[in-house]
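First up is the structure itself, then whatever we jot down about it.
No hydrogens, no waters, no symmetry mates; every other heavy atom, side chains included, goes into these values.
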Amino acid sequence: MQLTRWTLVVPVKTIIRAKTRLAGAAGPYRADLAVALACDTVSAALSCPRVHRVIVVTADPVPAERLAALGAHVVTDPDRGLNTALRFGAAEAVRLAPEDAVGALQADLPALRPAELDRVLAAAEEFDQAFVPDAADVGTTFYGVRPGVPFRPRFGGESKARHLSGGAKELVMDGIASVRRDVDTVEDLREALALGLPATTSAVVARIRPPITGAAPYDREGETGVATRSER
């Protein structure tokens with residue numbers, strides 16, 4: 001059976017705006033950390049069997065160059081808010097591959113495993129629009145629509161409730177902890193470390209002092225072995 005192809009849109013903030021809540025812990029490495037998070041997220045997404053293309057929407061030339069080198073298709077952020085950026089990226093996705101399903105993926109999922117993302121995309125194919133809540137069960141890390149369905153992301157703040165009210169199906173699944181673990185705070189980063197991080201983010205975290213502990217061996221294709229907050 002032929003897999004449904006997905007184009008994923010990943011919004012990446014300018015470095016000056018990115019990961020400000022990690023500034024106290026990351027210090028001079030905050031910018032490097034923000035770029036590393038995006039690189040590991042995009043790299044994992046590009047390794048997912050169902051993902052045909054990743055479109056990065058950013059106004060910053062530094063992550064733009066790094067992510068393009070990984071194989072992402074980069075477009076310039078119109079700088080009118082997150083959901084506008086996502087819709088802009090989705091329009092480019094439809095222009096390039098109108099037969100693809102289109103999804104939005106947060107840029108700060110460094111522990112993301114392609115196999116777990118693939119399970120999410122397979123489940124999302126069953127609904128016109130679907131989403132995955134974040135580990136806190138308040139926000140959203142993924143939102144996607146079938147080919148031809150209007151793309152109406154509602155990210156920001158308590159976006160889980162807004163996606164539900166907009167008719168999107170919440171995907172409630174075991175074994176997708178890496179898809180739900182976005183990183184905004186030091187505690188989030190520790191939980192991502194416990195899931196296991198690949199080389200780019202790990203290298204930046206290793207330079208931070210005092211050390212941020214909690215690292216586990218990274219196996220991109222393996223099971224996480226860590227329950228999400230909603231499963232604990």
Please say yes or no: joined through hydrophobic side-chain contacts below 4.5 Å, possibly via intermediate residues, are L82 and V12 part of one cluster? no
Answer yes when K169 and D128 have at least one side-chain N-carboxylate O distance shorter than 4.0 Å, and no when they do not. no
Judged by atom type as modelled, is there a donor-acceptor pair below 3.5 Å linking the side chain of Q129 to the main-chain atoms of G144? no
Salt-bridge contact E125-R146 (side-chain N to carboxylate O under 4.0 Å): no
With heavy-atom distances below 4.5 Å as the criterion, would you say the side chains of V138 and P133 are in contact? no
Between R21 and D188, does a salt bridge (charged side-chain N to carboxylate O under 4.0 Å, His left out) hold up when you go through it step by step? CA-CA 11 Å; R21 281 188 282 173; D188 295 341; over 6 Å; no
Would W6 end up clustered with V120 when hydrophobic side chains under 4.5 Å apart are linked, directly or stepwise? yes
Heavy-atom side-chain contact between R80 and F88 under 4.5 Å: no
For T84 and R87, test the side chains for any donor-to-acceptor distance below 3.5 angstrom and give the result as yes or no. yes
Minimum side-chain heavy-atom gap V132-T140 below 4.5 Å: no
Drop me the distance from E158's CD to L164's CG, to the nearest 0.5 angstrom. 12.0 Å
Contact between V94 and F151 at the side-chain level, heavy atoms closer than 4.5 Å - yes or no? no
For R152 and V145, what are the C-alpha separation, side-chain angles and deciding distance, and is it a side chain to side chain contact (heavy atoms under 4.5 Å, CB included)? CA-CA 9 Å; R152 294 169 178 160; V145 298; over 6 Å; no
Same cluster or not: are V102 and V51 linked, directly or through other Ile, Leu, Val, Met, Phe, Trp or Tyr residues, by side-chain heavy atoms under 4.5 angstrom apart? no
Side-chain contact test, heavy atoms from C-beta onward, threshold under 4.5 Å: evaluate it for T200 versus V204 and give yes or no. no
Under 3.5 Å donor-acceptor, D118 side chain and P114 backbone: no
Which atom pair, heavy atoms only, marks the closest approach of R53 to A97? NH1-CB, 3.8 Å
Where do A206 and R209 come nearest, in terms of heavy atoms and distance? O-NH1, 2.8 Å
Drop me the distance from L33's CG to L189's CG, to the nearest 0.5 angstrom. 6.0 Å
Could you tell me whether a side-chain N or O of R30 sits under 3.5 Å from a main-chain N or O of A18, the two making a donor and an acceptor? yes
If you group Ile, Leu, Val, Met, Phe, Trp and Tyr whenever their side-chain heavy atoms sit less than 4.5 Å apart, what else falls in with V62? I15, V35
Which pair of non-hydrogen atoms, one from P110 and one from T41, has the smallest distance, and what is that distance? N-OG1, 3.8 Å
Please report the C-alpha distance between Q106 and V183 in whole Å, then the side-chain angles of each, then the deciding distance to 0.1 Å, and finally whether the side chain to side chain contact (heavy atoms under 4.5 Å, CB included) criterion is met. CA-CA 10 Å; Q106 293 282 36; V183 174; over 6 Å; no
Give me the atom names and distance for the closest heavy-atom approach of Y143 to P153. CE2-N, 3.7 Å
Between I176 and M173, is a side chain to side chain contact (heavy atoms under 4.5 Å, CB included) present by the stated rule, with each step listed? CA-CA 7 Å; I176 59 166; M173 307 166 62; 4.1 Å; yes
Parallel, tilted or perpendicular for H163 and F155, by the 30°/60° rule? perpendicular
Rounding to 0.5 Å, atoms CG (L171) and CZ (R180) come to a distance of 10.5 Å
Please determine whether side chain to side chain contact (heavy atoms under 4.5 Å, CB included) holds for the pair V56 and V54, giving the CA-CA distance in whole Å, both sets of side-chain angles, and the decisive distance to 0.1 Å. CA-CA 6 Å; V56 168; V54 172; 4.3 Å; yes
Is any side-chain heavy atom of L96 closer than 4.5 Å to a side-chain heavy atom of T7? no
Counting C-beta onward and ignoring hydrogens, is there a side-chain heavy-atom pair between L117 and L8 closer than 4.5 Å? yes
Group every Ile, Leu, Val, Met, Phe, Trp and Tyr by side-chain heavy-atom contacts under 4.5 Å, then state whether V179 and F131 land in the same group. no
Taking a hydrophobic cluster as the set of Ile, Leu, Val, Met, Phe, Trp and Tyr residues connected by side-chain heavy atoms closer than 4.5 Å, whether directly or through intermediates, do V205 and L22 fall within one such cluster? yes
Donor-acceptor pair between T14 and D60 side chains, under 3.5 angstrom: no
Answer with yes or no whether the side chains of T141 and D134 bring together a donor and an acceptor at under 3.5 Å. no
I'd like a table of donor-acceptor pairs (distance under 3.5 Å, sequence neighbours excluded) in which one partner is a side-chain atom from residues 70-79, with atom names and distances.
residue: H73; atom: NE2; partner: E92; partner atom: OE2; Å: 2.9
residue: D77; atom: OD1; partner: D79; partner atom: N; Å: 2.8
residue: D79; atom: OD1; partner: R17; partner atom: NH1; Å: 3.1

E65 CD to T58 OG1 distance, which is reported to the nearest 0.5 Å: 12.5 Å
Taking all atoms of both residues into account, what is the closest heavy-atom pair of H52 and D100, and its distance? ND1-OD2, 2.7 Å
So, for A38 and L67, which heavy atoms are closest and what is the spacing to 0.1 Å? O-CD2, 3.7 Å
Distance col, row C48:SG vs R113:CZ, nearest 0.5 angstrom, shows 14.0 Å
Measuring from R119:CZ to L121:CG, what's the distance to the nearest 0.5 Å? 11.5 Å
Heavy-atom side-chain proximity of V10 to V57 below 4.5 angstrom: no
Going by atom types only, do D40 and S43 share a side-chain donor-acceptor pair under 3.5 Å? no
Derivation and outcome, salt bridge (charged side-chain N to carboxylate O under 4.0 Å, His left out), residues K19 and D108: CA-CA 9 Å; K19 300 302 160 195; D108 55 356; 2.6 Å; yes
